[in-house]
Amino acid sequence: MKKKVLFIDRDGTLVIEPPVDYQLDSLEKLEFYPKVMRNLWFIRTKLDYEFVMVTNQDGLGTPSFPEETFWPAHNLMLKTLAGEGICFDDICIDRSMPQDNAPTRKPRTGMLTKYIGNPDYDLAQSYVIGDRPTDVELACNLGCKAILLQNDKTCLEGKERLENACVLASKDWDLVAEFLFAGERRAEVRRTTKETDVHIVLDVDGHGECRIHTGLGFFDHMLEQIAKHGGMDLEVSVKGDLEVDEHHTIEDTALALGECLYQALGSKRGIERYGYSVTMDDCLCQVCLDFGGRPWLVWQADFLRERIGEMPTEMFMHFFKSLSDAARMNLHIKAEGCNEHHKIEGIFKALARALKMAVRRDVYRFELPTSKGVL
């Protein structure tokens, strides 16, 4: 079996990068990155990655950064990590300055030639973990994927190659370990019929970003609630026969979105499985759901208006029935209130919060949430 590698940056990834001079040159400056120890231990004991530290240390060994100020803190860091069962298979330190353009300096790969083209290593299934765009660029140069320790990919905007290589952006080492252990929860579904062409991309562990166009403004607004309040990234593009009416567009979007949820959750190991509730002004909207594999809809919501925006109110129940069927989830919806707009928007927001709760995953208890042994 080919070996997989985690190429791990040091400053800003394993330890907090010292402000001002960016040099970890004293014991007083040594501060470990939050949650890094327990998660590296988890990865080391549960998975089969080699650990390779890759770090640029500008001018190490020169008067601006004497060796005697570097090694005490560096060695204490290694000793502390080793005491927690975290050891590195290789440590690569480049001492050059940026203006030297050394082939060994990240994002160049001169320090890592033994891994490139080596049939013993599977670089396509390996990762670079770091906090800077240069770490993502190193991943591209190695043929790896990248995990960026930033809240989002803002620093990569306009650099399509880097954006594509970066499969996760998060400052939370819990999420890094979860991703490496259990994989991404992302699905893409295209549903094409004689009546509609629906394309949906869903990332369950996203940041609430969305790009939605169904041709129905109010429907777009409702689907945005799922992304924003569910903490999921959602792209929806629909070309439907709106010249006939709205029915096929709404129904087929629900079926494709439900299928995305079903695919993204995969085996469902470690998820909470259940989720519920929300109020919106005059309305009390309750959504309870169960990803138990048995679709069912209980609908207790009446609407007096024929339409809200361009969306027929008779389609609300049909949307959730189709969603429940395709996602294989049990869905109970109840809404009370006077304002029809608030009522349906409250239902969508409650669905989003219920989804967010139900899909929450705990890799430290990575088991099926059922006594049956299967969902």
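Since the structure is predicted, the reported quantities are computational estimates derived from the model, not experimental observations.
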Hydrophobic cluster membership, with links at side-chain heavy-atom distances under 4.5 Å among I/L/V/M/F/W/Y: are Phe32 and Ile43 in one?
yes
Are Val136 and Val128 side-chain neighbours, meaning at least one heavy-atom pair lies under 4.5 Å?
no
At what distance, to the nearest 0.5 angstrom, does CE of Met232 lie from SG of Cys210?
12.5 Å
Indicate if Val201 and Leu257 have the same hydrophobic cluster label, given that clusters are the connected sets of ILVMFWY residues with side-chain heavy-atom separations under 4.5 angstrom.
no
Closest approach of Asp131 and Gly12, non-hydrogen atoms and distance?
CB-O, 3.6 Å
Can you name the nearest heavy-atom pair linking Leu242 to Thr214, along with the distance?
CD1-O, 4.2 Å
Please step through salt bridge (charged side-chain N to carboxylate O under 4.0 Å, His left out) for the pair Lys145 and Glu184, ending with a clear verdict.
CA-CA 13 Å; Lys145 292 169 278 191; Glu184 65 179 344; over 6 Å; no
With under 30° as parallel and over 60° as perpendicular, where do the rings of His74 and Phe70 fit, or are they tilted in between?
parallel
Would the distance check show the side chain of Asp282 and the main-chain N or O of Asn339 forming a donor-acceptor pair, the cut-off being under 3.5 Å?
yes
What class does the angle between the rings of Tyr49 and Tyr127 fall in, given that below 30° is parallel, 30 to 60° is tilted and above 60° is perpendicular?
perpendicular
Is it the case that over 12 heavy atoms from other parts of the model lie below 6.0 angstrom from the CD atom of Glu306?
no
Pairwise distance CZ(Arg273) to NZ(Lys268) - rounded to 0.5 angstrom
8.5 Å
Ile347 and Met222, any side-chain heavy atoms less than 4.5 Å apart
no
If the condition is side-chain contact (heavy atoms from CB on, under 4.5 Å), which residues does Thr109 pass it with, not counting sequence neighbours?
Ile116, Leu138, Asn141, Leu142
Option among Val189, Leu265, Val204 that satisfies the side-chain contact (heavy atoms from CB on, under 4.5 Å) test with Cys260:
Val189
Do the side chains of Arg307 and Glu246 get close enough for a salt bridge, i.e. N-O under 4.0 angstrom?
yes
Does atom CZ (Arg294) have a neighbourhood of more than 12 heavy atoms from anything else shown, all under 6.0 Å?
no
Tyr364 atom OH: more than 12 heavy-atom contacts under 6.0 Å:
yes
Examine Val363 and Trp41 and state if one hydrophobic cluster contains both, with Ile, Leu, Val, Met, Phe, Trp and Tyr joined whenever side-chain heavy atoms are less than 4.5 Å apart.
yes
Evaluation steps, side chain to side chain contact (heavy atoms under 4.5 Å, CB included), between Glu50 and Tyr121
CA-CA 10 Å; Glu50 286 191 4; Tyr121 288 94; 3.1 Å; yes
Joint cluster assignment, Met315 & Leu351, ILVMFWY side-chain distance < 4.5 Å:
yes
Could you walk me through whether Glu84 and Arg44 pass salt bridge (charged side-chain N to carboxylate O under 4.0 Å, His left out), step by step?
CA-CA 10 Å; Glu84 296 298 319; Arg44 189 68 171 176; over 6 Å; no
Worked check of side chain to side chain contact (heavy atoms under 4.5 Å, CB included) between Glu259 and Arg191
CA-CA 10 Å; Glu259 182 63 28; Arg191 178 182 173 84; over 6 Å; no
Could you walk me through whether Asp174 and Lys35 pass the salt bridge (charged side-chain N to carboxylate O under 4.0 Å, His left out) check?
CA-CA 7 Å; Asp174 283 351; Lys35 305 181 187 177; 3.2 Å; yes
Measure the shortest side-chain to side-chain distance between His247 and Thr196 over non-hydrogen atoms and say whether it is less than 4.5 angstrom.
no
Does a donor on one side chain and an acceptor on the other come within less than 3.5 Å for Asp11 and Gln57?
yes
Under 30°, 30 to 60°, or over 60°: which ring-plane class applies to Phe7 and Tyr115, parallel, tilted or perpendicular?
perpendicular
Are any side-chain N or O atoms of Ser324 and backbone N or O atoms of Phe320, one a donor and one an acceptor, separated by less than 3.5 Å?
no
Side-chain heavy atoms under 4.5 angstrom apart, residues restricted to Ile, Leu, Val, Met, Phe, Trp, Tyr: same cluster for Phe218 and Ile250?
yes
Glu195 side chain to His248 backbone, donor-acceptor under 3.5 Å
no
Members besides Tyr262 in its Ile/Leu/Val/Met/Phe/Trp/Tyr cluster (side-chain heavy atoms under 4.5 Å):
none
Could you check if a side-chain atom of Val52 sits within less than 4.5 angstrom of a side-chain atom of Leu112, using non-hydrogen atoms only?
yes
If we count only N and O atoms by modelled type, under 3.5 Å, do the side chains of Ser96 and Asp100 hold a donor and an acceptor together?
no
Roughly how far, to the nearest 0.5 Å, is CG of Leu234 from CD1 of Ile212?
4.5 Å
Flag the pair Leu323 / Leu297 as yes when at least one side-chain heavy-atom distance between them is below 4.5 Å, and no otherwise.
no
Indicate yes or no: at least one non-hydrogen side-chain atom of Leu14 is less than 4.5 angstrom from one of Leu40.
yes
More than 12 heavy atoms of other residues, nucleotides or ligands under 6.0 Å from NZ of Lys321: is that the case?
no
Which label fits Phe348 and Phe319: parallel for a plane angle under 30°, tilted from 30 to 60°, or perpendicular past 60°?
tilted
Lys106 vs Asp9, side chain to side chain contact (heavy atoms under 4.5 Å, CB included): CA-CA, chis, key distance, verdict:
CA-CA 10 Å; Lys106 285 192 302 180; Asp9 178 40; 2.9 Å; yes
Test item: side-chain donor near acceptor, His341 and Glu345, under 3.5 Å:
yes
Please walk me through it: do Ser170 and Asp172 pass side-chain hydrogen bond (donor to acceptor under 3.5 Å, both in side chains)?
CA-CA 5 Å; Ser170 175; Asp172 189 342; 5.4 Å; no
With a cut-off of 6.0 Å (strictly less than), are more than 12 heavy atoms of other residues, nucleotides or ligands near CZ of Arg10?
yes
Do Asp205 and Glu178 have side chains that get closer than 4.5 Å, going by heavy atoms?
yes
Please find the pair of heavy atoms, one from Leu81 and one from Met37, that lie closest to each other, and give the distance.
CD2-CG, 4.1 Å
I'd like to check Leu78 versus Met53 (side-chain heavy atoms, cut-off strictly below 4.5 Å). Are they in contact?
yes
Please assess Lys239 against Asp252 for the test salt bridge (charged side-chain N to carboxylate O under 4.0 Å, His left out), listing each intermediate value before the final yes or no.
CA-CA 11 Å; Lys239 295 179 182 178; Asp252 287 356; over 6 Å; no
Under the side chain to side chain contact (heavy atoms under 4.5 Å, CB included) criterion, do Lys228 and His207 qualify, and how do the steps go?
CA-CA 8 Å; Lys228 295 295 183 182; His207 302 280; over 6 Å; no
Other residues, nucleotides, ligands: >12 heavy atoms within 6.0 Å of Asp302 CG:
no
Trp296 CH2: over 12 foreign heavy atoms closer than 6.0 Å:
no
Any Lys/Arg nitrogen of Arg190 or Glu188 sitting under 4.0 Å from an Asp/Glu carboxylate oxygen of the other?
no
Can you name the closest pair of heavy atoms from Ser126 and Cys144 and give their distance?
O-CB, 3.4 Å
Does atom CZ of Arg211 have more than 12 heavy-atom neighbours, drawn from other residues, nucleotides or ligands, at distances under 6.0 Å?
no
Is the closest basic N to carboxylate O distance between Lys29 and Asp21 below 4.0 Å?
yes
